[in-house]
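In what follows, residues are counted from 1 in the order of the sequence shown.
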Amino acid sequence: TIPLDTSQVTINAFFQQHVKPWPVASANAFDVNALAKTFNIKNVPVRFLVDRQGRIAHRYIGREYGNVIQGIQQIVNTN
C-alpha cells in the first residue's frame, strides 16, 4: 500500500481498524502529486490491485476495503 495521506497518524489509525495483510509505505514516502498524475487518480481513496506482472488487475474507488481483500483472495485462489 502506498498511502496518499501525508499524516502518519492517520495512516496508523486506519490500519488499527483494518487488517494489514501486506506492507504499507510510510507517509510522504512517495511524491503524491506524481502518483496521482501517473495513475490518473481523481478520487480518493483509490486502490489498485496489481498482478505479479505489474499490470493493474482491478481499480477500486471509494471505501470498499473489504472488496480489495476479496479480490486478492480470488487472484490467489486462481493462481
Side-chain angles (χ1 to χ4, degrees):
T1 296
I2 301 172
L4 299 182
D5 199 298
T6 58
S7 168
Q8 189 64 46
V9 172
T10 302
I11 295 165
N12 292 344
F14 176 85
F15 284 108
Q16 285 177 351
Q17 297 177 0
H18 297 86
V19 176
K20 186 171 112 175
W22 52 77
V24 177
S26 299
N28 299 312
F30 295 86
D31 181 338
V32 172
N33 292 326
L35 283 174
K37 184 177 179 181
T38 300
F39 292 104
N40 195 28
I41 298 172
K42 296 185 189 289
N43 299 311
V44 176
V46 173
R47 295 176 178 94
F48 295 97
L49 183 55
V50 180
D51 67 16
R52 291 177 190 229
Q53 289 74 37
R55 296 181 302 242
I56 295 173
H58 197 282
R59 181 177 175 163
Y60 300 92
I61 299 173
R63 305 203 179 277
E64 47 195 36
Y65 185 78
N67 293 344
V68 176
I69 300 299
Q70 289 175 350
I72 291 171
Q73 289 172 339
Q74 288 174 350
I75 288 174
V76 168
N77 290 336
T78 58
N79 292 327

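- By the side chain to side chain donor-acceptor pair (under 3.5 Å) test, Gln17 is found to be paired with no residue, residues two or more places apart in sequence or in another chain being considered.
- The side chain to side chain donor-acceptor pair (under 3.5 Å) search around Asp5 returns none, not counting sequence neighbours.
- For Asp31, the side chain to side chain contact (heavy atoms under 4.5 Å, CB included) criterion is met by Asn33, Ala34, not counting sequence neighbours.
- Sorted by first then second residue, the side-chain hydrogen bond (donor to acceptor under 3.5 Å, both in side chains) pairs that include residues 7-16, not counting sequence neighbours, are Ser7-Thr10, Gln8-Asn12.
- The shortest non-hydrogen separation linking Ala27 to Thr6 is CB-O, 3.6 Å.
- Partners of Ile2 according to the side chain to side chain contact (heavy atoms under 4.5 Å, CB included) rule, which considers only residues two or more places apart in sequence or in another chain, are Phe30, Leu35.
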